Every structure is written in structure tokens, then in C-alpha cells.
Amino acid sequence: MRKPIIAGNWKMNKTAEEAKTLIDMLKDKINTDKVEVVVCPTFTSLTTVVKELEGSNIGVGAQNMHWADCGAYTGEISAQMLLEAGAKYVIIGHSERREYFNETDETVNNKLIKAIAEGLVPIVCVGESLEQREADIQEKVVTEQVVAAFKNVEAKDAQNTVVAYEPIWAIGTGKTATSQQAEEVCGWVRETIEKLYDAETAQKARIQYGGSVNASNVDELMGMENIDGALVGGASLKEDFVSIVNFGS
Ligand SMILES: O=C[C@H](O)COP(=O)(O)O
């Protein structure tokens with residue numbers, strides 16, 4: 001049985017002081033007995049959030065990383081720097097990085113391999129655009145993204161990798177995919193992992209849905225066979241996140 005994992009992607013929000021206030025408001029209300037919970041602040045707030053969550057079971061992640069150990073990559077951050085700051089998870093290939101910062105399937109693969117090598121838990125994002133959904137090629141798009149992301153990744157490492165299916169047309173729009181749409185694509189993701197590796201790997205890998213998840217739709221989404229969690233944006237910046245991670249209660 002896969003343990004559900006719900007992560008909050010804060011994106012470019014919350015100064016370190018604001019992050020402390022949010023964590024102080026959330027941490028004692030979140031139940032981690034049945035759900036693995038992760039918060040992903042900006043890098044500048046990482047150490048503050050890690051300190052505020054000391055003694056809790058809530059994990060801390062980063063929103064991105066570079067695959068190099070060091071070098072002339074202005075503005076980038078290495079896996080070692082994330083680990084030093086206390087991150088245990090890292091989001092890779094978010095659609096906003098693919099759109100605004102030229103993230104490609106190749107860079108996503110480079111980052112996934114490096115995250116695994118350094119012992120970070122990767123959350124790899126895939127998902128189609130509105131145009132691709134309207135053209136009904138979402139299965140092709142997502143399948144290709146998954147295949148490219150896992151190139152040269154061993155089965156044991158794929159089993160510990162989280163894949164987040166985030167239809168771009170549902171991100172930040174309030175237009176959530178229906179549970180049936182989300183389940184269909186997450187099922188394709190799992191089938192693709194099985195074809196790449198084996199049934200055991202496909203069953204152990206966890207798949208999140210992301211895209212306007214909120215307290216009113218999380219229960220139905222989490223009831224889907226191939227949805228093991230959620231990657232939450234806007235709703236993770238407020239008390240709604242408590243209702244989301246405590247889903248079903
Ligand atoms: O990483 C989170 C996703 O981009 C979803 O964001 P959202 O919940 O604001 O739609």
C-alpha cells in the first residue's frame with residue numbers, strides 16, 4: 001500500500017518571516033500519521049522553515065535544483081546546497097520552469113539523476129497544455145515526458161520517485177481536472193512506468209495530481225486508484241492546506 005504524499009509548492013511567495021508565520025499557523029494542525037506531508041518554500045526561506053519544523057514529521061523540499069555540483073550557472077542552486085539548507089525533497093520540471101526558464105525533458109532527466117544520486121526525494125512534474133488537451137494528445141505528451149524523465153534511472157530509484165501530473169490548464173486557474181481526467185492520466189503514468197521497468201516498480205512509485213487542488217475536491221481526487229497524493233500551489237499558502245492534508249477526516 002502506497003503512503004499518500006501531499007506537497008505544498010509555495011512558488012515565489014513568502015519571505016522568511018512570512019514563512020515562519022505560515023508554518024506556525026499550520027504545523028500543529030497537520031496530521032502526518034496517514035499522509036507524508038511536504039512544504040516547498042523558496043530557497044531563501046528553506047532554513048527558516050526547516051528550523052520551524054524541527055521535531056515535526058513535516059518534510060521540507062525545494063522547488064528546483066541544478067544538476068551540476070558547482071560552476072558558472074548564475075542564480076542556480078546545487079543539490080548539495082539544498083541538502084545543506086535542510087531540504088529532503090526537490091520538485092523537478094515544474095511546468096512554470098519549463099515555460100519560463102527553458103526547462104526541457106533533457107534537463108529534467110539530468111536533474112532527476114542528480115537528485116537521486118544526492119539522496120533527495122524527487123517530485124517530477126509532467127502535464128499537457130490546454131492546446132494539447134484540446135488536440136486530445138495528452139496521453140502522448142505525458143507518456144513522452146515520463147519516458148524522457150526516467151532515462152537511465154534504475155528501477156529501485158524510480159520506485160522512490162514521485163511523479164506529479166499537473167495539467168497546465170488547471171494550474172492556478174481554479175479549473176481543476178475532473179477526478180476521472182486526473183485518474184486517467186495518472187493511470188497512463190503508472191502504465192508507462194510499468195513498461196519502462198516492471199509491475200513492482202509501477203506499484204511502488206507514487207503519483208500526485210496537481211492543478212487547483214482544494215479542500216472541496218481533495219477527497220474525491222484521493223479516492224482514485226492511481227492518485228497517491230497532490231502537489232498543491234495556491235491553497236498551500238493558507239489554512240486550507242490543513243484541510244487538504246487531513247483529507248477524509
Ligand atoms: O505546483 C503546484 C501546481 O502548480 C498547482 O498550483 P495550484 O494549486 O495553484 O493550481
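Every value quoted in this text rests on a predicted model; they were computed, and no experiment measured them. All ligand and atom numbering here is 1-based and tracks the order in the structure.
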Checklist line | Under-4.0 Å salt bridge between Asp24 and Lys27 | finding: yes
Next item on the list: Determine whether the side chain, the backbone, both or neither of Asn9 has a heavy atom under 4.0 Å from any heavy atom of ligand 1.
Entry: side chain
Margin query: Taking Glu128 first and then Lys140, would you say they form a salt bridge - that is, a charged N and a carboxylate O separated by under 4.0 Å?
Written below: no
Checklist line | Charged N-O contact under 4.0 Å between Glu194 and Arg190 | finding: no
Margin query: Do the side chains of Arg206 and Glu36 get close enough for a salt bridge, i.e. N-O under 4.0 angstrom?
Written below: yes
Checklist line | Atoms in ligand 1 with a heavy atom of Ile171 nearer than 4.0 Å | finding: 4 (O), 6 (O), 10 (O)
Notebook entry, point to check: Quick one: which ligand 1 atoms are inside 4.0 Å of a heavy atom on Gly211?
Noted result: 5 (C), 10 (O)
Check: For atom 9 (O) of ligand 1, what's the nearest protein heavy atom and its distance?
Finding: Gly234 N, 2.8 Å
Check: Would one find more than 12 heavy atoms of other residues, nucleotides or ligands at under 6.0 Å from atom CD of Glu76?
Finding: yes
Next item on the list: Check each atom of ligand 1 against the heavy atoms of Ala170 and keep those under 4.0 Å away; list them by number with element.
Entry: 10 (O)
Notebook entry, point to check: Among all residues two or more places apart in sequence or in another chain, which pass the side chain to side chain donor-acceptor pair (under 3.5 Å) test with Gln80?
Noted result: Glu118
Check: Around atom CD of Gln180, are there more than 12 heavy atoms of other residues, nucleotides or ligands at under 6.0 Å?
Finding: yes
Next item on the list: Report the nearest protein non-hydrogen atom to atom 2 (C) of ligand 1: residue, atom name, distance rounded to 0.1 Å.
Entry: Glu166 OE2, 3.1 Å
Next item on the list: Check whether any heavy atom of Ser95 sits under 4.0 Å from an atom of ligand 1.
Entry: no
Notebook entry, point to check: Can an N or O of Ala235 be found at a distance shorter than 3.5 Å from an N or O of ligand 1?
Noted result: no
Notebook entry, point to check: What part of Cys125, side chain from CB on, backbone N/CA/C/O, both or neither, has a heavy atom under 4.0 Å from ligand 1?
Noted result: neither
Next item on the list: For ligand 1, find out whether one of its N or O atoms is nearer than 3.5 Å to an N or O atom of Gly233.
Entry: yes
Item checked: Within 6.0 angstrom of Lys3 NZ, more than 12 heavy atoms from elsewhere -> yes
Check: Does Ser212 have a heavy atom less than 4.0 Å from any atom of ligand 1?
Finding: yes
